[in-house]
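Have a look at the structure below before the remarks.
The model shown is predicted, which means the values in this text are computed figures rather than measured ones. First the proteins, then the strands, lettered A, B, ... as listed; each starts at 1.
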Amino acid sequence: MSRYNFKETEAKWQKAWAEHRSFAAGDSDERPKYYVLEMFPYPSGRIHMGHVRNYTMGDVVARYKRAAGFNVLHPMGWDAFGLPAENAAMERGIHPAEWTYSNIATMRRQLQQMGLSLDWEREIATCHPGYYRHQQALFLDFLEAGLAYRRESSVNWDPVDNTVLANEQVIDGRGWRSGALIERRKLAQWFLRITAFSDELLESLATLNRWPERVRLMQENWIGRSQGASIRFSVADGATGRQLPETLEVFTTRHDTLFGMTFCALSPHHPLAAQLAAKDREIADFVAECDRLGTSEAAIEAADKRGHDTGLVVRHPFDAKRVVPLYIANFVLMEYGTGAIFGCPAHDQRDLDFARRYGLDVIPVVAPRDADPADFAVADEAFVDDGVLINSDFLDGLDVPAALRRMAERLQADGIGEATTVYRLRDWGISRQRYWGCPIPVIHCASCGVVPVPRSDLPVLLPDDVEFGKPGNPLDLHPTWKHVDCPGCGGEARRETDTMDTFVDSSWYFARFCSPRADVPTERRSVDHWLPVDQYIGGIEHAILHLLYSRFFTRAMRKAGHVSLDEPFAGLFTQGMVCHETYRDRNGKWLFPNEVEKRPDGSAIKVKDGGPVTIGRSESMSKSRKNVIDPEQIIDTYGADTARLFMLSDSPPERDLEWTDAGIDGAWRYINRLWRLVAAPGGPIAAADAPEPESFDDAASAARRLVHKTIAGVTDDLEKFRFNRAVARIRELTNMLGELTGDAADVAWVRREGLDVAVRLLGPMVPHIAEELWQRLGHESPLADTAWPDVDPALLVEETITIAVQVNGKLRGTIDLPRDADREVAEAEALELDGVKRAIEGKAPRKVVVVPNKIVNVVV
RNA sequence: GCCCGCUUGGCGAAACUGGUAGACGCAACGGACUUAAAAUCCGUUUCCCCUCGGGGAGUGCCGGUUCGAGUCCGGCAGCGGGCACCA
């Protein structure tokens with residue numbers, strides 16, 4: 001018997017599918033549509049195991065849905081702009097475009113080796129002008145619709161590299177590349193008005209019932225809606241008592257504690273703080289000091305609550321005699337609420353810490369229910385729970401929720417405040433001072449201001465002749481690119497040199513796949529046909545940013561008339577990571593798995609010199625830890641089907657998958673067993689068109705029942721993303737078929753039915769060998785065009801059922817009964833069991849619980 | 001600190017709405033085939049006790065509901081994730 005030759009077979013079918021355009025999706029088709037999409041890859045160089053897992057899952061869904069009668073759209077593209085291309089340019093002197101396109105070529109070839117049922121005719125790359133010109137058009141639409149705007153914003157500025165850094169690129173207050181101390185700078189930046197949709201983005205999370213609960217929760221927290229009140233205070237000079245023209249507006253969620261206010265505080269970046277700093281040297285110094293303390297988490301963690309008394313005072317709105325000092329405090333954020341707070345130390349821990357440091361009063365206004373209100377006091381811990389209002393005039397005696405309502409009404413009635421909702425979500429800053437991104441299509445003119453690039457001038461192409469390695473934005477440094485005439489007045493003007501955040505590119509690619517070559521961003525007819533994406537699959541790491549941006553973008557595109565829906569992804573599945581043990585040599589240097597030899601006792605040595613190796617815990621595969629396995633090497637050694645099968649076996653798809661050599665061996669052995677099962681079955685296989693026999697003997701009908709139970713089970717598993725369970729079921733089926741021996745006509749017929757079914761169920765998972773076996777089983781049309789097998793519901797019902805018999809809840813035996821046997825019969829047979837008699841020791845049962853077709857429990 | 005999730009053999013894991021815990025696989029051990037190895041096939045494998053009939057314990061820990069709990073409820077622990085001077 002010939003061994004399975006995966007190299008030949010896989011190449012053969014990949015060629016056949018491509019030649020027959022088996023996976024090209026037509027826009028006009030009477031079958032129902034199904035759009036399955038996996039998050040498109042960044043072309044970093046080569047595919048990694050995470051890609052293999054992601055795209056295998058997507059391909060199972062795509063092939064299964066196609067067999068189930070859907071017109072499936074399953075496209076692939078490249079998230080191709082980004083910083084690594086510029087780094088490659090700097091380090092190796094290769095142009096970002098060349099680096100990117102060569103990576104794309106490599107990775108496309110690797111994906112094609114996996115046998116994915118992709119429609120390659122729809123391939124897109126975001127760095128191609130054919131894509132980004134439309135993104136520029138969308139930007140202009142958003143600009144017209146008021147969804148894109150420019151404003152000053154404070155940024156992390158690296159003074160050595162002359163560039164803005166993202167928060168993630170600031171490590172311990174220093175630039176990740178230059179190591180320079182980061183400054184906060186005000187810079188004009190472009191923003192997209194995601195906050196215009198805060199409520200909508202929050203509310204419609206509830207409609208995404210095919211999204212993981214976890215992701216919805218994360219987005220909910222990220223949007224962070226808080227119900228509270230804004231309150232306006234009047235401000236006076238503390239020394240002279242003269243009233244200032246400004247009012248101080250604060251946001252609070254605890255307006256019930258207003259009578260416990262003992263100070264107010266401004267953010268160092270509050271306009272009033274800036275005003276004061278202009279006149280007062282000490283205040284200016286304090287604000288500067290706050291700026292020096294970075295915004296990184298570590299810095300915040302370490303920083304004390306610090307403040308500076310402005311000398312101004314704030315009047316209590318309901319007690320004309322009371323005034324409290326106004327501070328500038330480092331813990332008040334300009335980005336949240338109004339950038340100013342009132343401090344109630346008794347009921348807020350931060351305020352309490354601050355009050356203790358500066359010797360401010362602590363007035364409790366909520367007492368725990370079980371405390372004596374007369375001597376309730378707060379020491380080191382603020383009291384933040386519900387209780388009874390005290391020291392609070394018209395709120396006294398109320399509980400916290402009632403006091404919140406009463407205070408909101410009163411503020412409103414007196415015209416000094418109102419109930420307000422604020423969000424944690426902020427507008428999306430998309431300006432990047434980088435070359436390898438989509439140019440923002442505007443022109444700055446001294447007399448006309450910001451002028452959009454006329455649409456007829458799109459795309460604004462990136463120049464090819466740029467220099468890398470100098471600090472700053474290569475576009476800005478280009479000698480001629482930015483110098484243009486103003487489209488309005490014709491005078492000298494400057495092109496915007498910022499490019500867009502690469503998250504913009506991935507916020508609408510799913511829509512572009514519907515009509516990837518259209519000369520408008522989207523063709524309504526095709527987006528209306530294909531969207532929403534029925535099943536989106538990707539990593540949990542995109543739970544917030546990419547998925548939220550895409551939800552926003554879809555709404556913005558709807559406003560601009562490009563799509564007619566709100567939610568781009570009807571179903572979302574987030575898969576787990578692929579993990580591997582980590583290895584370090586005696587010098588602490590990371591080692592690749594193939595530099596390490598495992599020994600039987602579980603320890604490991606270095607292959608090169610036999611030195612000791614420390615085995616670290618299993619972590620997600622990453623180049624920096626070197627715990628990576630190259631997918632192409634696996635595919636070369638075992639074939640794509642084996643790699644795919646391993647990705648689907650054993651671990652549930654949402655959980656992390658531990659890569660093991662033994663696991664891939666196991667998958668490889670199964671592929672070969674399948675091959676032998678068809679090449680050398682336990683008896684004859686009936687012809688493909690043989691008529692169904694009149695009757696089946698017991699063994700044959702039991703076998704048939706398993707065949708149909710497997711169809712039903714696997715179908716259900718695939719619908720629910722339980723790929724590991726589906727693999728296990730199919731193995732049970734093929735194990736049974738391997739044991740099915742005999743030459744009788746009914747057995748030969750069941751063998752045929754079982755093999756056909758097994759091969760069809762395996763088609764989505766291991767498509768190459770399935771195609772080959774399908775052909776060898778005598779079928780003329782390819783498996784890729786074959787329908788999913790039907791279940792005969794009559795065969796799902798067992799005639800005889802094994803029922804567990806318990807005594808006091810403990811298993812004592814089983815009885816076989818015809819389906820739906822009488823309770824009396826079940827009870828009588830159960831009581832006859834030796835194990836039951838032994839266990840009840842002659843006592844009369846107090847009660848016998850009979851659950852038909854399930855269980856008998858004898859209670860003594 | 002707040003929010004969420006997870007915890008089942010030596011390992012990855014099954015167990016649909018409470019009803020025979022450990023399917024399917026990995027590893028290990030024993031055996032067959034072979035001059036030998038690889039490959040393949042057969043068997044054993046939750047733990048403990050045993051007179052080999054069987055008996056006891058068991059799904060992170062403590063408690064509860066139920067005829068019956070991996071599954072439901074309350075509390076605790078460990079691990080993982082998200083958010084965080086968010087007023």
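Residue A/Arg214 places no side-chain N or O under 4.0 Å from the OP1 or OP2 atom of B/C6. Using a 4.0 Å cut-off, no side-chain N or O of A/Thr253 falls inside it from OP1 or OP2 of B/C86. At the phosphate of B/C85, neither OP1 nor OP2 sits under 4.0 Å from any side-chain N or O atom of A/Arg357. Distances shown here put a side-chain N or O of A/Asn724 below 4.0 Å from the OP1 or OP2 atom of B/A14. Look at A/Arg216 and you won't find any side-chain N or O under 4.0 angstrom from OP1 or OP2 of B/C3. A/Lys810 has no side-chain polar atom (N or O) that falls below the 4.0 Å cut-off from OP1 or OP2 of B/G55. Between B/A84 and A/Arg350, no contact under 4.0 Å exists linking OP1 or OP2 to a side-chain N or O. Not one side-chain nitrogen or oxygen of A/Arg655 sits closer than 4.0 Å to the OP1 or OP2 atom of B/G5. Side-chain nitrogen and oxygen atoms of A/Arg725 include none within less than 4.0 Å of the OP1 or OP2 phosphate oxygen of B/A23.
What separates CG of A/Asp650 from P of B/G22 is a distance of 19 Å, to the nearest Å. Distance, A/Arg254 CZ to B/A87 P: 11 Å, rounded to whole Å. One can place CZ of A/Arg722 at 18 Å from P of B/G25, the figure rounded to the nearest angstrom. Rounded to whole Å, the distance from CZ on A/Arg812 to P on B/G68 is 15 Å. Rounded to an integer number of Å, the gap from A/Met218 CE to B/A84 C1' is 14 Å. As rounded to whole Å, 10 Å separates atom P of B/C4 from atom CD of A/Glu213. The interatomic distance linking A/Leu217 (CG) with B/C83 (P) rounds to 13 Å, in whole Å. Atom OH in A/Tyr327 sits roughly 18 Å away from atom C1' in B/C85 (whole-Å rounding).
Across residues 728-738 of chain A, A/Ala728, A/Arg731, A/Glu732, A/Asn735 each have a non-hydrogen atom less than 4.0 Å from an atom of RNA chain B (numbered order).
Ranking B/G12, B/G19, B/C83 by closeness to the A/Val849 side chain, first place goes to B/G19. For A/Lys854, whose side chain is taken as the heavy atoms from C-beta onward, the closest listed nucleotide among B/G19, B/U20, B/G25 is B/G19. In this structure, the nucleotide among B/A27, B/C85, B/G19 sitting nearest to the side chain of A/Ala662 is B/A27. The nucleotide whose nearest atom lies closest to any side-chain atom of A/Val859 is, among B/G82, B/U20, B/C67, B/C67. Comparing B/A14, B/A87, B/G82 by their closest approach to the side chain of A/Ser226 singles out B/A87. Set against B/C3, B/G19, B/U20, the side chain of A/Val851 has B/G19 as its closest nucleotide. In this structure, the nucleotide among B/G56, B/U40, B/U20 sitting nearest to the side chain of A/Arg676 is B/U40. Distances were taken from every side-chain heavy atom of A/Ser651 (C-beta onward) to each of B/C4, B/C67, B/G12; the shortest belongs to B/G12.
Residue-level contact check: A/Ile341 touches the bases, meaning some heavy atom is under 4.0 Å from a base atom. Across all strands shown, A/Val422 has no heavy atoms under 4.0 Å from either base or sugar-phosphate atoms. Within 4.0 Å (heavy atoms only), A/Arg838 reaches sugar-phosphate atoms of the nucleic acid but no base atom.
The shortest side-chain heavy-atom distance between A/Val856 and A/Gln806 does not fall under the 4.5 Å cut-off. Side-chain contact between A/Leu404 and A/Asp256 is present, with at least one heavy-atom pair separated by less than 4.5 Å. Taking 4.5 Å as the limit, every side-chain heavy atom of A/Cys579 sits out of range of all side-chain heavy atoms of A/Met621. You'll find the side chain of A/Val805 stays beyond 4.5 Å of the side chain of A/Thr814, heavy atoms only.
Under a 3.5 Å cut-off, the side chain of A/Asp361 and the backbone N or O of A/Ile363 do not form any donor-acceptor pair. Judged by distance alone, the side chain of A/Arg644 and the main-chain N or O of A/Met765 form a donor-acceptor pair under 3.5 Å.
Within 6.0 Å of atom NZ in A/Lys837, more than 12 heavy atoms from other residues, nucleotides or ligands are found, so the atom counts as buried in its surroundings.
Annotation: B/A38 and B/C29 have their P atoms spaced 13 Å apart (nearest Å). Rounded to whole Å, the C1' atom of B/A27 lies 14 Å from the corresponding atom of B/U44. Taking the P atom of each, B/G64 and B/A28 are spaced 44 Å apart, rounded to whole Å. B/G30 and B/A23 are spaced 22 Å apart, taking the P atom of each and rounding to whole Å. For the C1' atoms, the distance linking B/G53 with B/U7 amounts to 38 Å, nearest Å. Nucleotides B/G70 and B/A57 have their P atoms positioned 13 Å apart, rounded to a whole Å. To the nearest whole angstrom, the two P atoms, one in B/C33 and one in B/A15, are 40 Å apart. The gap from the P atom of B/C73 to that of B/C52 amounts to 47 Å, rounded to the nearest Å.
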Next item on the list: Report the C-alpha separation of A/Tyr4 and A/Phe6 in whole Å, then their side-chain angles, then the decisive distance to 0.1 Å, and conclude whether the ring-ring contact (aromatic ring centres under 6.0 Å, His included) test is met.
Entry: CA-CA 6 Å; A/Tyr4 174 53; A/Phe6 69 84; 7.0 Å; no
Next item on the list: Kindly indicate, with the supporting measurements, whether the criterion ring-ring contact (aromatic ring centres under 6.0 Å, His included) is fulfilled by A/His255 and A/Phe342.
Entry: CA-CA 9 Å; A/His255 33 293; A/Phe342 83 73; 8.9 Å; no
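Remark: A/Arg424 fails to qualify as a cation-pi partner of A/Tyr336 under the 6.0 Å distance and 45° angle criteria applied to the six-membered ring.
Nearest-nucleotide mapping onto RNA chain B: of A/Arg424 and A/Gly835, the residue sitting toward the 5' end is A/Gly835. Mapping A/Asp665 and A/Asn672 onto RNA chain B by nearest heavy atom places A/Asp665 closer to the 5' end of the strand.
For B/G22, the glycosidic angle deviates from 0 by more than 90°, giving an anti base. Annotated as anti: B/G18, whose glycosidic dihedral deviates from 0 by more than 90°.
By the 30° and 60° cut-offs, the orientation of the rings of A/Phe354 relative to A/Tyr358 is tilted. Using cut-offs of 30° and 60° on the angle between ring planes, the pair A/Phe263 and A/Tyr327 is perpendicular.
At a cut-off of 3.5 angstrom, counting only N and O atoms as typed in the model, there is a donor on one side and an acceptor on the other between the side-chain of A/Lys305 and the base of B/C85. With hydrogens and angles ignored, no donor-acceptor pair under 3.5 angstrom links the side chain of A/Asn221 to the base of B/C83.
A centroid separation of 6.0 Å or more is found between the aromatic rings of A/Phe233 and A/His316. Ring pair A/Trp211/A/Phe573: centre-to-centre distance not below 6.0 Å.
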Margin query: Expected output check: what is the dot-bracket annotation of RNA chain B, where ( ) and [ ] are pairs inside the strand (brackets for crossing ones), | is paired with another strand, and pairs are Watson-Crick or G-U under 3.5 Å?
Written below: (((((((..(((......[....))).(((((.......))))).((((....))))..(((((..]....))))))))))))....
